[in-house]
4 protein chains.
Amino acid sequence: MATRESVPRSKRRATSPKAQGRRSELLAIAAELFATKGYTQTTVRDIGDAAGILSGSLYHHFDSKEAMLDEILRDFMGSLHAAFAEIVAGGESPRQVLEGLVRCSFGTIHERPHAVALYQNESALLAHLPDFTFVARTSQDITGLWLGVLAAGQESGDFRADLEPGVVYRFIRDSVWGAVGWYKPDGKLAHSTLADQYLTMLYGGLLRA
Amino acid sequence: MATRESVPRSKRRATSPKAQGRRSELLAIAAELFATKGYTQTTVRDIGDAAGILSGSLYHHFDSKEAMLDEILRDFMGSLHAAFAEIVAGGESPRQVLEGLVRCSFGTIHERPHAVALYQNESALLAHLPDFTFVARTSQDITGLWLGVLAAGQESGDFRADLEPGVVYRFIRDSVWGAVGWYKPDGKLAHSTLADQYLTMLYGGLLRA
Amino acid sequence: MATRESVPRSKRRATSPKAQGRRSELLAIAAELFATKGYTQTTVRDIGDAAGILSGSLYHHFDSKEAMLDEILRDFMGSLHAAFAEIVAGGESPRQVLEGLVRCSFGTIHERPHAVALYQNESALLAHLPDFTFVARTSQDITGLWLGVLAAGQESGDFRADLEPGVVYRFIRDSVWGAVGWYKPDGKLAHSTLADQYLTMLYGGLLRA
Amino acid sequence: MATRESVPRSKRRATSPKAQGRRSELLAIAAELFATKGYTQTTVRDIGDAAGILSGSLYHHFDSKEAMLDEILRDFMGSLHAAFAEIVAGGESPRQVLEGLVRCSFGTIHERPHAVALYQNESALLAHLPDFTFVARTSQDITGLWLGVLAAGQESGDFRADLEPGVVYRFIRDSVWGAVGWYKPDGKLAHSTLADQYLTMLYGGLLRA
DNA sequence: AATGAATGAGGATTCATTCAT
DNA sequence: CATGAATGAATCCTCATTCAT
């Protein structure tokens, strides 16, 4: 069930002190392009151009274009799962934990919009690439965390019991992550304010009491 | 003397009586592939193979791969907007209209899952293709319809007034359309039942009263 | 040495009374397109469009696109050679015969500009197509006719003797046929007037006497 | 931070020191094939084969097959116009200038036969390609130079006045450039000797004085 | 005589990747 | 570390041609 299987040694390069910095820069550039234009629509030349080097030089840092995507997603899925797990482990009430998860999600959208968009938009691709099953696996782990909270909330009487947790989870997940498609990190609508509004709707519904 | 004026190539597709059937078949095949594998990941050969003809033969029916996507999306966006507009024009209460829009959305997911998925997943691509501005345009028209209903509901007192309609719309839209990613048309969860649950959450919220 | 070898029977269709008219129309259309856009750049669809039928229907009249070119050129080369031969056989003085040949050339440019242009412009193509050696052969026959006249003129003392007939022939041929590239059949410069000017230059030169 | 502005693709071809040599080689190969087989009949694979590389590798040097033609013709038209302009600017008598232009033309046929043939034979194609209007434009500039000399010669009394300069120019141009179709650079007929004969005919005419 | 769907071969172009320098 | 020339496979598309209707 674990998500952190280690990467085959041949795939990860020797991490010289400053080389890591360059790697991160390149991955950030790639992530932005992947998110903006789509992974397939982004050429290694696009990445090279944006980084100021020739496309062939990328292969000094990464084994392949796919390896870049792998690293981006592996890092993202790992931290996301870790962050969620920490919140769940906090031992607060289901209602407070759920609020924490939602706020954490919006925080992630704010801080790492490209990785989120990648995770959201490239599902068709990821499902076809054999090396990316870890994404689905971590996804399921995360789903497990959320379902646990929802079940606990129904048990404790906090959440209404006439809804299927699976449906509720997907409802929340899709609405929250969907915000990555339109949320502007530097707009006037702060991500915490957005979280407030979403939690209000989520908890109280749309109708006037 | 023969008629010599040359017909513009793009207009040549005279809708002959029976040819339409074949076109529709091919478009359905293409839509499924586009939705499943992604537009860029789908080759014209994939489409030809699935249709039992050679890839080159597709060009007897369509000008290009892009033209197929265009036709699929144009048709979809058109009917969707029309269906929504009809519901809005029904003159019912905001609450009833909103319910109608949500149920219509789930019905569309059920009946035309591939087109919905396309519309959902290929946003990065569509934003970069100059010939597909109509998608964004129709999208805005649809947004206008929903915002109108939400505003009317706030005015009438049906909907709570402490939420921004723009945020509410996106919340609903993303949660509802997101279902295309996991809803199984032939599963045990009927789309109308799904709509019920979503409306319950949407209207009443997650917390026990 | 003869030029009129008969066409293989399988290649020429049964000549029903009116079918010939249609054939001629189609060939005229094809010739114009071949001359204007170039043979390779002209698609059978272009021809079909211009004729008001589908490209496939052309194959009811001709075996292939190449067969159309063959028929156009064979007819043209044949009549041209015949016309030149008749002038040469007229028994007039070399100077009069040469004048006749030049006038006949301009008349041909006027009346059959497309075939002339084809003959002029598609030399690179014709040299590579094995079925079109007849063009080069007839061309040589025609060259023979002109060289004969030039030699006779030098012998008779009409033409200056310090020029190689081969060079003179090419000089005349290129300048005269080259006119097909800019002569306008319906312009104010009549082809006979043009012939006058060319003959003046040809015979008297550019310098003031 | 890397430089992120992307360089326009068409401008990427930085003229690196040694890369120019390879480009020129490839262009020379392409020009010969274009001239011999025709532009359309020449495939990029033909060019690649002749150059000893794969066809796809050509795109490392040039944007497209058309770009190769563009570069060949642009360079040719430019030098031709420059050479003619320099002769005209020399300030000699019209008769001497005209002789210079003719000799320069034969020199060009001798040294750059492929480019000349291209310019001569692909008129139908060039007229249809929107990016090649510069050929027609430079052509007109060149025509202007010749017409100026012819007019000056008529004014000075060197050239006979009963001929239209426009017709005279086309007569000379077509006869001279036409030689590219049969002149053999390594044959026994030197290009300067050929120029002699042409000038003799041009100035003195065919008839014995 | 003509249609329209389909073939099959080929053509230009793209692009991830390699490697000698 | 980076360059730049080259690879080789794949992609979209074109087009002459065929044939059942």
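First the proteins, then the strands, lettered A, B, ... as listed; each starts at 1. For clarity, every value in this text was computed on a predicted model and none was experimentally measured.
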Just to confirm, is there a sub-4.0 Å distance from OP1 or OP2 of [N] to any side-chain nitrogen or oxygen of [X]?
{"X": "C/Ser57", "N": "E/dT3", "result": "yes"}
{"X": "D/Arg22", "N": "F/dA6", "result": "yes"}
{"X": "C/His60", "N": "E/dA2", "result": "no"}
{"X": "A/His61", "N": "F/dA2", "result": "yes"}

(request) Under 4.0 Å between any heavy atoms, over every strand shown, what does D/Ile53 touch: base, sugar-phosphate, or nothing? Just pick one. (result) sugar-phosphate

Taking the side chain as everything from C-beta on, heavy atoms only, tell me whether [X] gets closer than 4.5 Å to [Y].
{"X": "D/Arg22", "Y": "D/Glu25", "answer": "yes"}
{"X": "A/Leu126", "Y": "A/Leu69", "answer": "yes"}
{"X": "A/Met68", "Y": "A/Ile47", "answer": "yes"}

Please report, rounded to the nearest Å, how far the [atom2] atom of [N] is from the [atom1] atom of [X].
{"X": "A/Lys65", "N": "E/dA16", "atom1": "NZ", "atom2": "C1'", "answer": "8 Å"}
{"X": "A/Glu25", "N": "F/dA2", "atom1": "CD", "atom2": "C1'", "answer": "15 Å"}
{"X": "C/Tyr59", "N": "E/dA5", "atom1": "OH", "atom2": "C1'", "answer": "16 Å"}
{"X": "B/Leu54", "N": "F/dT11", "atom1": "CG", "atom2": "P", "answer": "15 Å"}
{"X": "B/Arg45", "N": "E/dG8", "atom1": "CZ", "atom2": "P", "answer": "13 Å"}
{"X": "D/Asp49", "N": "E/dA12", "atom1": "CG", "atom2": "P", "answer": "12 Å"}
{"X": "B/Arg23", "N": "E/dA6", "atom1": "CZ", "atom2": "C1'", "answer": "16 Å"}
{"X": "A/Leu58", "N": "E/dC15", "atom1": "CG", "atom2": "C1'", "answer": "13 Å"}

(request) For C/Val44 and for A/Leu26, find the nucleotide of DNA chain F with the closest heavy atom, then tell me which residue's nucleotide is more 5'. (result) A/Leu26

(message) With nearest nucleotide decided by heavy atoms, which residue, C/Thr43 or A/Ser55, maps closer to the 5′ end of DNA chain F?
(response) A/Ser55

Less than 3.5 Å apart, which donor and acceptor atoms pair up between the side chains of residues 116-123 of chain A and the rest of the protein, not counting sequence neighbours?
| from | atom 1 | to | atom 2 | distance (Å) |
| --- | --- | --- | --- | --- |
| A/Tyr119 | OH | A/Ser139 | OG | 2.5 |
| A/Asn121 | ND2 | A/Ala117 | O | 3.2 |
| A/Glu122 | OE2 | A/Tyr39 | N | 2.8 |

(request) Using modelled atom types only, decide if a donor and an acceptor are shared between the side chain of A/Lys37 and the backbone of A/Thr43 within a distance under 3.5 Å. (result) no

(message) Is it the case that the side chain of D/Ser55 and the backbone of D/Val44 share a donor-acceptor pair, with hydrogens and angles ignored and the cut-off at 3.5 Å?
(response) no

(message) Taking the P atom in each of E/dA1 and F/dT21, what is the distance between them to the nearest angstrom?
(response) 22 Å

(request) Tell me which of C/Gly56 and A/Glu66 sits closer to the 5' end of DNA chain E, going by the nucleotide each one is nearest to. (result) C/Gly56

(message) Reading 5' to 3' and counting Watson-Crick or G-U wobble pairs with both distances under 3.5 Å, write the dot-bracket notation for DNA chain F, | for bases paired outside the strand.
(response) .||||||||||||||||||||

(message) If I take atom NE2 from residue C/His61 and atom CZ from residue C/Arg23, how far apart are they, to the nearest 0.5 angstrom?
(response) 9.0 Å

